[in-house]
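Here is how names work: the chains are called A, B, and so on, in the same order as the sequence lines, proteins then strands, and each is numbered from 1.
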Amino acid sequence: MNAALANAEQEIPGTFIFDGALAMRGYALNKMCYSFNEARNRAAFLADEDAYCELYGLDARQRDAIRRRDVLALLEAGGNIYYLAKFAGIFGLDVQDIGAQQTGVTVEAFRAKLAAAGG
Amino acid sequence: MARILGGIYTSHIPAIGAAIAKGRQGEPYWKPFFDGYPPVREWLDAVRPDAAVIVYNDHGLNFFLDKMPTFAIGAAPEYRNADEGWGLPTLGPYAGCPELSWHLAESLVADEFDMTTCQEMLVDHAFTVPMSLLWPEPERRPPVVPISVNTVQHPLPTPARCFALGRAVGRGIASWPEDIGVVVIATGGLSHQLDGRRAGFINREFDLLCLDRIATEPEALTRYTIRDLVRLAGSQGVELIMWLVARGALGGHVSKVHSHYHVPVSNTAAGVLVLDNEAA
């Protein structure tokens with residue numbers, strides 16, 4: 001089941017290649033996150049998360065990752081970062097917040113690393 | 001016959017849109033980035049394009065995984081922006097030029113680039129942010145033909161294919177019978193990675209090489225594979241393929257008007273480049 005992911009992570013460490021295998025695995029999760037383009041859907045999710053996940057047919061692994069707001073687990077469950085960004089947006093999290101979470105550092109440390117990359 | 005005036009290549013990071021909305025252009029974090037744009041607007045004031053072809057990638061506003069066109073072309077009288085879910089103000093609408101769109105669709109498909117045509121197409125930050133940077137005053141914006149390239153779901157079109165598409169776009173514009181000037185715009189890049197344990201990856205050396213090669217030797221960049229670009233520029237640094245489309249539309253010899261590079265803007269290395277197609 002993890003063949004595509006394993007290949008990609010072997011190829012380029014720490015990097016997902018969102019290909020057909022991941023796109024199939026994450027379809028329901030991504031479809032739910034795509035719905036968060038609309039304010040009324042974000043409100044419906046916040047009103048009853050479990051019911052909203054049920055409506056889109058997320059599997060147990062995806063629902064658990066949603067519950068924990070765990071970006072790496074969501075990616076491994078087939079989430080695509082562009083749709084997941086809409087999920088993160090519900091909580092006011094931006095790409096530095098989720099970058100820090102994924103790399104296990106504080107947001108300040110993540111920002112400092114980006115600034116240092118300017119050379 | 002329409003003339004291609006030149007190409008503009010620019011990053012499209014959503015945070016830029018937020019900074020513009022909040023009037024933060026002069027703040028210390030933002031000024032070094034926004035300082036890259038007055039020369040772009042000066043060039044636009046000088047060449048005054050009648051139309052713009054804008055090559056961008058949708059990030060899950062218009063297209064979902066149910067139907068994901070590799071290459072799509074807008075053919076609408078007007079393009080609307082909408083809520084992307086994380087708080088950018090909704091901008092636009094933006095005037096289209098559907099006659100030129102259909103001419104390009106005819107020309108591209110005859111040229112064996114089988115485009116998906118869209119009579120309705122919501123445009124996301126990858127379209128709106130560059131429009132705000134290039135033409136802050138909405139009334140000065142020329143009508144547009146948007147071309148969307150899939151960068152969401154692999155397989156993505158190869159750099160070589162994107163460059164070839166650009167060549168075909170150039171032939172299509174050149175065969176438009178009206179005597180108008182067209183600017184070709186690419187949005188995206190430069191190096192960045194949002195997802196995975198390598199999030200925050202930036203490759204200054206590769207970005208500077210790309211900024212140079214796009215102008216002088218774009219064919220060299222077409223030898224990379226998509227996997228190469230992911231490795232060298234990050235998962236989202238593959239947006240360089242939009243630059244290859246827009247570079248392909250220009251001639252072999254162009255003159256560099258302006259280039260600017262700044263790290264970081266949000267998680268991204270920001271680049272902007274202006275190439276004049278007629279001054280060479």
(request) Kindly compute the distance separating CZ (A/F16) from NE2 (B/H154), expressed to the nearest 0.5 Å. (result) 12.5 Å
(message) Taking CD in A/E49 as the centre, count heavy atoms belonging to other residues, nucleotides or ligands within less than 6.0 Å. Is the count above 12?
(response) yes
(request) Sort A/L72 into side chain, backbone, both or neither according to what part of it lies under 4.5 angstrom from a heavy atom of chain B. (result) side chain
(request) Would you mind telling me which of B/L156, B/N203, B/L194, B/I202 has the largest number of heavy-atom pairs within less than 4.5 Å of chain A? (result) B/L194
(request) Please name the pair of heavy atoms, one in A/G14 and one in B/Q193, separated by the smallest distance, quoted to 0.1 Å. (result) O-NE2, 3.3 Å
(message) For the OG1 atom of A/T103 and the CZ atom of B/R198, what is their distance to the nearest 0.5 Å?
(response) 13.0 Å
(message) Working to the nearest 0.5 angstrom, can you tell me the gap between B/N267 CG and A/I98 CD1?
(response) 8.0 Å
(request) Among the options B/P14, B/A199, B/G234, pick out the one with the most heavy-atom pairs lying under 4.5 Å from chain A. (result) B/A199
(message) Under the side-chain contact (heavy atoms from CB on, under 4.5 Å) test against A/Y82, which residue among B/D58, B/T151, B/D124 passes?
(response) B/T151
(message) Does B/F64 form a side-chain contact (heavy atoms from CB on, under 4.5 Å) with A/N37? I'd like the steps, not just the answer.
(response) CA-CA 11 Å; B/F64 180 61; A/N37 277 323; over 6 Å; no
(request) Could you check which of B/F201, B/Y261, B/F63 has the highest count of heavy-atom pairs closer than 4.5 Å to chain A? (result) B/F63
(request) Could you tell me whether the side chain of A/Y27 reaches within less than 4.5 Å of the side chain of B/D66, counting heavy atoms only? (result) yes
(request) Please examine the side chains of B/L65 and A/Y83, heavy atoms only from C-beta on, and report whether any two atoms are closer than 4.5 Å. (result) yes
(message) Test your reading of the model: is there a side-chain donor-acceptor pair from A/K86 to the backbone of B/E84, 3.5 Å cut-off?
(response) yes
(message) Please give me the minimum heavy-atom distance between B/V152 and A/N80, naming the atom from each residue.
(response) O-ND2, 3.2 Å
(request) Quick one: pull up CD1 in A/I17 and CZ in B/R227 and give me the separation to the nearest 0.5 Å. (result) 4.5 Å
(request) Considering non-hydrogen atoms only, spot the tightest contact between A/L114 and B/S266 and give its length. (result) CD1-O, 3.4 Å
(message) Quick one: does any side-chain atom of A/Y34 pair with a main-chain N or O of B/L61 as donor and acceptor, under 3.5 Å?
(response) yes
(request) Check the surroundings of atom NZ in B/K256: do more than 12 heavy atoms from other residues, nucleotides or ligands lie under 6.0 Å from it? (result) yes
(message) Looking at A/R40, I'd like to know if its CZ atom is crowded, meaning that more than 12 non-hydrogen atoms belonging to other residues, nucleotides or ligands lie closer than 6.0 Å.
(response) no
(request) Can you tell which part of B/R231 gets under 4.5 Å to a heavy atom of chain A, answering side chain, backbone, both or neither? (result) both
(request) Name the region of A/V71, side chain, backbone, both or neither, that has any atom closer than 4.5 Å to a heavy atom of chain B. (result) neither
(request) Please tell me if the side chains of A/I81 and B/Q236 come closer than 4.5 Å, counting only heavy atoms from C-beta onward. (result) yes
(request) Check whether A/A88 gets within reach of chain B through its side chain, its backbone, both or neither, counting any heavy atom under 4.5 Å. (result) neither
(request) Examine whether an atom of B/D228 lies under 4.5 Å from a heavy atom of chain A, and if so say whether it belongs to the side chain, the backbone or both; otherwise answer neither. (result) neither
